[in-house]
Chemist: 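Could you have a look at this structure, given as structure tokens, before my questions?
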Amino acid sequence: MSGAAREGIGQPVRRKEDFRFITGNGHYTDDISRPRQTYAYFLRSPHAHARIRSIDTSEAEKAPGVAGIFTGRHVADDGLGGLICGWTVTSKDGTPMKVGPHPILALDTVRYVGDHVAMVVAETLAEARAAAELIEVDYEALPAAVSLGSCQKPDAAQVHPEAPRNTCFEWELGNKAETEAAFAKAARVVKLDLTNNRLIPNAMEPRAAIGEYDKGSGIYTLHTTSQNPHVARLVLSAFVGVAPEHKLRVIAPDVGGGFGSKIFIYAEETACVWAAAKLGRPIKWTADRSEAFLSDAHGRDHLSHAELALDADGKFLGLRVKTIANLGAYLSTFSAAVPTYLYGTLLSGQYDIPAIYVEVDGVYTHTAPVDAYRGAGRPEATYLVERMVETAARETGIDPADIRRRNFIRSFPHQTPVIMNYDAGDYQASLDAALEAIDYKGFAARKSDAAKRGKLRGIGISSYIEACGIAPSAAVGSLGAGVGLWESAEVRVNPTGNVEVLTGSHSHGQGHETTFAQLVASRLGIPLSNVEIVHGDTDKVQFGMGTYGSRSGAVGMSAIVKALEKIEAKAKKIAAHLMEAAVEDITFENGAFTVQGTDKSLAWAEVSLAAYTAHGFPSGEIEPGLKEGAFYDPANFTFPAGAHVCEVEIDPDTGIVEIVKFVAVDDFGTIINPMIVEGQVHGGIAQGIGQALLEHGVYDPASGQLVTGSYMDYCMPRADDLPSFTLGFTKTVCPSNPLGMKGCGEAGAIAAPPAIINAVTDALGIRDIEMPATPARVWQALQSAAPRAAAE
Amino acid sequence: MSVISMTVNGKPASADIEARTLLVQFIREQLGLTGTHVGCDTSQCGACVVHVDGRAVKSCTMLAAQAEGAEILTIEGLAPNGELHPVQAAFREHHGLQCGFCTPGMIMTAVDMIRRIPDLDEETVREELEGNICRCTGYHNIVKAILAASQEMR
Ligand code: FES
Ligand code: FES
């Protein structure tokens with residue numbers, strides 16, 4: 001294979017970014033130090049709900065090393081706005097969602113444990129922390145609304161006076177009348193109550209920020225752990241009012257994982273960059289893990305009741321769903337969109353369901369804000385649909401694989417009753433491949449073999465679909481988004497022929513520096529090492545929307561394709577001029593411009609150089625230089641889909657669930673780098689297993705204290721909790737973007753939980769078990785299901 | 001304040017520090033070796049693993065003063081001449097890292113694991129990684145990389 005072919009699209013190219021990470025030369029925010037920097041420490045609320053009668057900072061101000069103490073009063077006096085939610089959801093009665101203020105530092109009320117009360121800035125972190133202990137806050141503790149099930153009751157404590165019954169919105173989607181009619185003619189109705197457990201993100205790099213202000217230029221600089229630095233800059237300038245956009249530079253250097261939690265604009269980085277100007281010195285803050293648990297936006301946390309109507313042949317007729325979604329104490333940057341447009345719109349799953357009606361109440365509680373996390377809405381939808389389908393299979397006696405086959409959507413495009421228009425897919429192909437890989441037919445034998453060993457064996461399927469790309473702009477705009485969701489790229493060809501690509505996407509583990517370079521190198525016929533991907537700095541890169549929702553391939557790379565097309569067009573013009581030929585006669589292949597039918601040819605580097613020497617360009621026709629930009633707005637979401645199948649064995653004595661095999665077969669459309677894509681799937685599955693078996697963010701229902709506030713209490717998946725995974729791919733090309741890509745970052749986190757719970761409930765012979773299916777819960781389920789025993 | 005001295009990546013290192021300074025703080029803040037990371041405050045995540053006198057240690061669990069006179073090896077010292085250590089090379093080859101934040105700790109743990117246990121199998125690697133958390137990779141490729149490196153280093 002030639003060098004170019006080895007580095008091209010579809011090849012498992014080893015990552016360009018790895019060298020710096022494996023040698024300890026990465027630059028994460030906390031690794032960066034600025035001259036004369038100070039350290040911030042945030043005094044946080046110990047109460048879930050309290051009125052602040054007074055804050056006395058006088059003693060703290062005298063403490064050694066203290067440079068400044070900032071409270072909500074300073075923020076308000078400075079005229080700064082609060083943090084915003086960039087998506088407006090409208091209730092079914094036509095009223096907009098009810099939004100309480102979200103101050104950067106609390107003014108007179110704290111609304112969750114960990115809420116920000118004051119920022120102490122000192123010469124060292126230890127001094128800042130010590131001084132914070134001297135701040136006297138006179139709290140009047142108030143009752144808190146903590147549990148999702150009771151926060152809408154009339155006597156529940158109120159989080160925001162603006163939102164009676166703690167209800168932010170009562171949203172609906174689908175067709176109620178048609179769904180009622182479908183249920184009226186149903187031969188069978190399957191019902192289930194489902195909990196989607198709260199997750200705490202835990203990117204391994206804690207959030208961090210360094211705020212700076214240059215008095216001479218009036219320019220603020222913020223280094224921050226962000227998935228979308230331009231969006232952060234826009235929010236901080238246009239809404240919070242820290243500085244005008246052109247006077248604020250946001251840099252997201254190496255970022256150690258995000259999973260959604262680093263999309264949002266938080267109080268800490270806002271306070272650091274704002275106060276840096278007040279102090280005239282840089283302010284650095286890095287969360288410790290306990291703060292991360294308390295204050296990173298959490299994920300999931302739904303209570304749902306679902307009903308599925310079937311005809312006598314097991315064909316789905318209608319689905320109706322009522323969900324209560326926890327938003328936490330304040331609306332975070334995208335939180336209103338997650339349990340609505342990223343959730344309700346996916347409730348058709350892979351199935352032809354003629355009528356769907358969903359109602360979602362978004363509710364406030366005195367807990368940390370809840371926002372997009374690793375799949376964002378789509379895991380919740382998939383969990384609900386796939387648990388319902390599995391339950392329907394069991395109640396009708398139809399094999400779980402068969403009931404899926406009977407109901408799969410088979411012709412495309414397919415308009416669902418819940419907005420989405422699926423463009424391409426072959427769901428049976430993925431399911432068949434997954435069943436083959438796990439030897440579905442041999443399961444019965446394996447089950448009886450396990451029973452002989454005293455183990456309970458179960459198998460579970462999850463046929464998932466997700467909507468990725470999070471676009472197009474017109475569509476998301478009509479649904480309430482405050483931003484457009486396109487992506488940008490600029491391709492800069494240097495005179496020597498090497499290339500810089502500035503992308504509005506941001507990489508925090510996804511390997512863009514490699515994948516994007518593969519695309520560019522193969523299109524231009526140059527070595528991978530001659531391509532540099534630049535991202536994460538608003539001073540270098542044009543406005544871009546960042547990375548989340550598995551959008552960077554489908555949207556970000558499409559923008560690069562568009563820019564490359566312009567580059568090629570212009571380079572051809574230059575080549576035509578140099579070779580005195582007509583542009584139409586120039587072909588560009590493998591890095592060479594050739595006049596068709598002749599042996600006249602110019603190398604890429606020669607044309608690049610000529611673009612900058614610009615000698616004798618026909619004036620007005622060709623501008624010097626070779627640099628092009630593009631903004632790409634897709635025509636549709638993309639729809640990755642597939643089938644994950646899981647086989648478990650349960651020890652009835654301990655309740656421990658062992659995943660003996662996990663197969664994932666995914667259709668991501670075109671794959672640029674299979675090695676990276678597989679890695680993305682592995683990580684997602686691990687999160688899915690974490691949600692299904694281990695992880696649970698728990699607040700004490702009375703006090704609102706976070707019970708699972710450290711790695712001692714919150715069960716992170718570790719290497720010995722997980723098996724190795726078996727992956728496969730099927731492919732239908734996505735018709736709505738030039739590369740045919742769909743996105744892969746969240747598939748595992750979306751697909752895995754129902755596969756596992758379907759397997760666990762199959763093994764236990766029970767209808768349902770709440771996630772996480774911990775040994776204690778499994779053991780309890782076994783006791784109440786007794787006398788059904790292992791050797792049955 | 002007191003002066004402590006040790007050898008870090010083969011070079012003498014000494015500083016006047018507060019007694020409460022943790023080894024990881026000394027390495028990151030005093031020496032500016034920021035390849036060693038801090039991912040938690042309960043000694044659970046393993047992002048901070050370095051070698052102290054040849055053994056893998058979570059550098060957030062000990063005071064710098066306790067390392068007085070010790071030989072410390074951090075991720076920056078693993079490939080002194082620019083040639084990657086086989087474990088580093090295996091992490092790259094097998095895509096054992098995504099965001100890279102857990103990676104230095106993972107690699108330092110793996111080097112020690114391979115030294116201690118001659119016949120590593122998957123189950124042992126998974127058990128040995130109990131003290132290192134990765135949120136990105138699902139461990140699949142980390143395990144693969146460590147097994148491959150251990151084969152290679154036999
Ligand atoms: S920082 Fe040392 S174990 Fe987490
Ligand atoms: S690679 Fe990101 S935490 Fe391990």
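Every value quoted in this text rests on a predicted model; they were computed, and no experiment measured them. To find a chain, count down the sequence lines: A is the first, B the second, and so on, and within it residues start at 1.
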Chemist: Spell out the residues in residues 137-154 of chain B that have some non-hydrogen atom less than 4.5 Å away from a non-hydrogen atom of chain A, in order of number; otherwise answer 'none'.
Modeler: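 The residues closer than 4.5 Å to chain A, in numerical order, are B/Thr137, B/Gly138, B/Tyr139, B/His140, B/Asn141.
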Chemist: Between B/Val38 and chain A, which part of the residue has a heavy atom less than 4.5 Å away: side chain, backbone, both or neither?
Modeler: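 Contact with chain A is through the backbone of B/Val38 alone.
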Chemist: Determine the minimum heavy-atom distance between B/Glu130 and A/Arg718, stating which atoms define it.
Modeler: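 Closest approach of B/Glu130 to A/Arg718: O-NH1, 2.6 Å.
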Chemist: Of the backbone (N, CA, C, O) and the side chain (C-beta and beyond), which part of A/Ile685 lies under 4.5 Å from a heavy atom of chain B, both, or neither?
Modeler: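 Nothing of A/Ile685, per the 4.5 Å heavy-atom cut-off to chain B.
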Chemist: Do B/Arg135 and A/Gln687 have a side chain donor and acceptor closer than 3.5 Å?
Modeler: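 Side chains of B/Arg135 and A/Gln687: pair found under 3.5 Å.
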Chemist: Could you check whether any side-chain N or O of B/Gln98 sits under 3.5 Å from a backbone N or O of A/Gly679, counting only pairs where one atom can act as donor and the other as acceptor?
Modeler: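 Flag set: sc B/Gln98 to bb A/Gly679 pair under 3.5 Å.
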Chemist: If you take all heavy atoms of A/Val255 and B/Cys99, which pair is closest and at what distance?
Modeler: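 Looks like O-CB, 3.8 Å.
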Chemist: Is it the case that the side chain of A/Arg15 and the backbone of B/His95 share a donor-acceptor pair, with hydrogens and angles ignored and the cut-off at 3.5 Å?
Modeler: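 Looks like no, no N/O pair under 3.5 Å.
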Chemist: Could you tell me the separation between the SG atom of B/Cys134 and the CE atom of A/Met716, rounded to the nearest 0.5 Å?
Modeler: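 Reported value, rounded in 0.5 Å steps: 9.0 Å.
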Chemist: Look only at the side chain of B/Arg92 and the backbone of A/Phe19, and say whether a donor-acceptor pair between them is shorter than 3.5 Å.
Modeler: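 No, B/Arg92 side chain to A/Phe19 backbone: no donor-acceptor pair under 3.5 Å.
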Chemist: Return the minimal non-hydrogen interatomic distance between B/Cys45 and A/Met204, and the atom names on each side.
Modeler: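 Heavy atoms of B/Cys45 and A/Met204 come nearest at CB-CE, 3.6 Å.
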Chemist: I need the A/Arg14 CZ to B/His94 NE2 distance, nearest 0.5 Å.
Modeler: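 Rounded to the nearest 0.5 Å, the CZ-NE2 separation comes out at 7.5 Å.
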Chemist: Using a heavy-atom distance cut-off of less than 4.5 Å, which residues of residues 52-65 of chain B contact chain A?
Modeler: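 At a heavy-atom separation under 4.5 Å, chain A is reached by no residue of residues 52-65 of chain B.
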Chemist: So do A/Asp720 and B/Glu128 actually touch side chain to side chain, heavy atoms under 4.5 Å?
Modeler: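 With C-beta onward as the side chain, the pair stays apart.
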Chemist: What are the residues of residues 4-37 of chain B, in order of number, with any heavy atom under 4.5 angstrom from a heavy atom of chain A?
Modeler: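 B/Arg20, B/Arg28, B/Thr34, B/Gly35, B/His37, listed by number.
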Chemist: Relative to chain B, which segment of A/Ser290 carries a heavy atom at a distance below 4.5 Å: side chain, backbone, both, or neither?
Modeler: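 Answer is both: backbone and side chain atoms of A/Ser290 are under 4.5 Å from chain B.
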Chemist: Work out which heavy atom in A/Tyr711 is nearest to a heavy atom in B/Gln44; give both atom names and the distance.
Modeler: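 Closest approach of A/Tyr711 to B/Gln44: O-OE1, 3.3 Å.
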Chemist: Heavy-atom pairs under 4.5 Å with chain B: which of A/Ala686, A/Ala287, A/Pro201 has the most?
Modeler: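 Sorted descending by pairs with chain B, the first entry is A/Pro201.
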Chemist: Is A/Phe259 in contact with chain B via its backbone, its side chain, both, or neither, using a 4.5 Å heavy-atom distance?
Modeler: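 Side chain of A/Phe259 only, per the 4.5 Å heavy-atom cut-off to chain B.
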Chemist: A/His223: what forms a side chain to side chain donor-acceptor pair (under 3.5 Å) with it, not counting sequence neighbours?
Modeler: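 Here no residue qualifies.
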Chemist: Determine yes or no for a side-chain-to-main-chain donor-acceptor pair under 3.5 angstrom, with B/Gln88 supplying the side chain and A/Ile22 the backbone.
Modeler: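 Side chain of B/Gln88 to backbone of A/Ile22, a donor-acceptor pair under 3.5 Å: yes, one is there.
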Chemist: Which one, B/Ile107, B/Ile133, B/Thr74, leads in non-hydrogen pairs under 4.5 Å with chain A?
Modeler: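 Max contact count across the listed options: B/Ile133.
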